[in-house]
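Throughout, numbering of the chain's residues begins at 1 and tracks the sequence.
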Amino acid sequence: MIYCLSEVKKLLRENLFVIFIVLCLCLNIGLCFSDSGTRTAVNRLAQSGELLEGKKIYDTLDTNAIGSFYYNERYIKSSLLNQWIKAKYEKLQQSVDLLNEEDADLSYFAGEITPSVNEALFVYQLKTLMIECIIFLSLLGIRSFEMEQQTEMAALIYSSGRGRKIAKDKILAGGIVGALYCIILIVTSLAVFFATWDFSRLWDANMASSFHYVIDPDDPIFGKPFLTWQSFTLKRYFVCTLALMAGILLAWWLLTNLIMLLTRNIRYGWMTLAAVICLPFFGIILFSELYLPR
């Protein structure tokens, strides 16, 4: 435990991490002011109190018709994918019926600017925060095990019982410091965002309102309602997104430490982490015919 506290103090004294967090905060604060038109519209709606009402769309919505577009056109060569997509949209009809009973389509979200509002919060802010935290945790994990690997003593040190205890203390210390910095980054960034964007009249709106349509990037003509398996208000959806982010970051932190312990070489660790981060994006480009999820 003493070594763990010593490791925590050592990591907290690293100027590199402080500089990285400050740069991320500057970027995130800049994103808060990037879409001035949508921000002004959201704030005006919150102050005026004039809420728009949606229109009924779920009472006649047949999810099988949406699903058939995918498994007939996109996955026609794969019977397995056809079966999965068909089964998914058959089950989704139950959710549509629930949303229809609750009049989720009539709920006020943000009118015509709903897609822009959703993008500003869930894409620009939350997705950027997750990417920043992933990069930070990677740097933190590499720094924690850097000295032993640079001196090529990692295999010798971690082969003993005392060495394995040191490794555990390093992982625990890195987790404490990583959680602290990530919380500071996320809380500060979101505090500035919500101080700039007035969401007071939007939190209780249903995410699946008729104002929220999804346009498929591969088929821009084909638009469909935003559907959720359960009835989600914007507040609940936001909290669930944060919980999912926490789970992803925890998994990434454990993966980073596992990679650093297994590679036992700082260069190989860098390359492996970079490959894990970058390969999914290159895979979308190289294997676009597979329609990999973005």
For [Y], does its backbone N or O pair with a side-chain atom of [X] as donor and acceptor, under 3.5 Å?
{"X": "T38", "Y": "V117", "result": "no"}
{"X": "N206", "Y": "T233", "result": "no"}
{"X": "N257", "Y": "W253", "result": "yes"}
{"X": "H212", "Y": "M207", "result": "yes"}
{"X": "Y58", "Y": "E102", "result": "no"}

Inset, instruction - Determine, step by step, whether C24 and L27 satisfy the side chain to side chain contact (heavy atoms under 4.5 Å, CB included) criterion, reporting the C-alpha distance in whole Å, the side-chain angles of both residues, the deciding distance to 0.1 Å, and the verdict. - result: CA-CA 5 Å; C24 290; L27 171 63; 5.6 Å; no
Side chains of [X] and [Y]: does their closest heavy-atom pair fall under 4.5 Å?
{"X": "L45", "Y": "L202", "result": "no"}
{"X": "D105", "Y": "K55", "result": "no"}
{"X": "L227", "Y": "S95", "result": "no"}

Inset, instruction - Could you go through the side chain to side chain contact (heavy atoms under 4.5 Å, CB included) check for I29 and T196 one step at a time? - result: CA-CA 10 Å; I29 292 173; T196 310; over 6 Å; no
Aromatic ring pairing [X]/[Y], orientation class (parallel under 30°, perpendicular over 60°, tilted between):
{"X": "F20", "Y": "F136", "value": "parallel"}
{"X": "F193", "Y": "W197", "value": "parallel"}
{"X": "F211", "Y": "Y108", "value": "perpendicular"}

Show the nearest heavy-atom pair for residues [X] and [Y], with the distance to one decimal.
{"X": "S231", "Y": "L99", "value": "CA-CD2, 4.1 Å"}
{"X": "G174", "Y": "L140", "value": "O-CD2, 3.1 Å"}
{"X": "D59", "Y": "N100", "value": "N-OD1, 3.4 Å"}
{"X": "G54", "Y": "S210", "value": "CA-OG, 3.1 Å"}
{"X": "G141", "Y": "T256", "value": "CA-CG2, 3.9 Å"}
{"X": "D198", "Y": "V42", "value": "O-CG1, 3.2 Å"}

Test of understanding: clusters of I, L, V, M, F, W, Y form through side-chain heavy atoms closer than 4.5 Å, transitively. Do [X] and [Y] belong to the same one?
{"X": "L234", "Y": "F232", "answer": "yes"}
{"X": "L25", "Y": "L16", "answer": "yes"}
{"X": "L255", "Y": "I176", "answer": "yes"}
{"X": "F194", "Y": "I113", "answer": "yes"}
{"X": "L137", "Y": "I183", "answer": "no"}

Within a reach of under 6.0 Å around [atom1] of [X], are more than 12 heavy atoms found that belong to other residues, nucleotides or ligands?
{"X": "F17", "atom1": "CZ", "result": "yes"}
{"X": "W84", "atom1": "CH2", "result": "no"}
{"X": "E90", "atom1": "CD", "result": "yes"}

Legend entry - From CA spacing to verdict: side chain to side chain contact (heavy atoms under 4.5 Å, CB included), L126, L190: CA-CA 9 Å; L126 293 185; L190 292 179; 3.9 Å; yes
Legend entry - Chi angles and distances behind the side-chain hydrogen bond (donor to acceptor under 3.5 Å, both in side chains) call for Q93, D97: CA-CA 6 Å; Q93 186 63 48; D97 295 338; 3.2 Å; yes
Starting at [atom1] of [X], measure out to [atom2] of [Y] and round the result to the nearest 0.5 Å.
{"X": "Q47", "Y": "R201", "atom1": "CD", "atom2": "CZ", "answer": "11.0 Å"}
{"X": "L244", "Y": "L249", "atom1": "CG", "atom2": "CG", "answer": "9.5 Å"}
{"X": "S48", "Y": "N43", "atom1": "OG", "atom2": "CG", "answer": "10.5 Å"}
{"X": "K91", "Y": "W229", "atom1": "NZ", "atom2": "CH2", "answer": "7.5 Å"}
{"X": "Q230", "Y": "C240", "atom1": "CD", "atom2": "SG", "answer": "10.0 Å"}
{"X": "L61", "Y": "L92", "atom1": "CG", "atom2": "CG", "answer": "8.0 Å"}

Legend entry - ring-ring contact (aromatic ring centres under 6.0 Å, His included) assessment of F226 paired with F109: CA-CA 12 Å; F226 179 86; F109 188 3; 8.6 Å; no
Legend entry - Transitive ILVMFWY cluster of L98, excluding itself - 4.5 Å side-chain cut-off: none
Inset, instruction - Please report the C-alpha distance between F122 and Y237 in whole Å, then the side-chain angles of each, then the deciding distance to 0.1 Å, and finally whether the ring-ring contact (aromatic ring centres under 6.0 Å, His included) criterion is met. - result: CA-CA 10 Å; F122 292 103; Y237 195 85; 5.1 Å; yes
Legend entry - Donor-acceptor pair between S189 and N28 side chains, under 3.5 angstrom: yes
Legend entry - Residues K235, D204: salt bridge by 4.0 Å N-O rule: yes
Legend entry - Which residues share a side chain to side chain contact (heavy atoms under 4.5 Å, CB included) with L106, sequence neighbours left out: E53, K56, D103
Legend entry - side chain to side chain contact (heavy atoms under 4.5 Å, CB included) between C32 and Q125, intermediate numbers included: CA-CA 8 Å; C32 294; Q125 281 297 321; 3.5 Å; yes
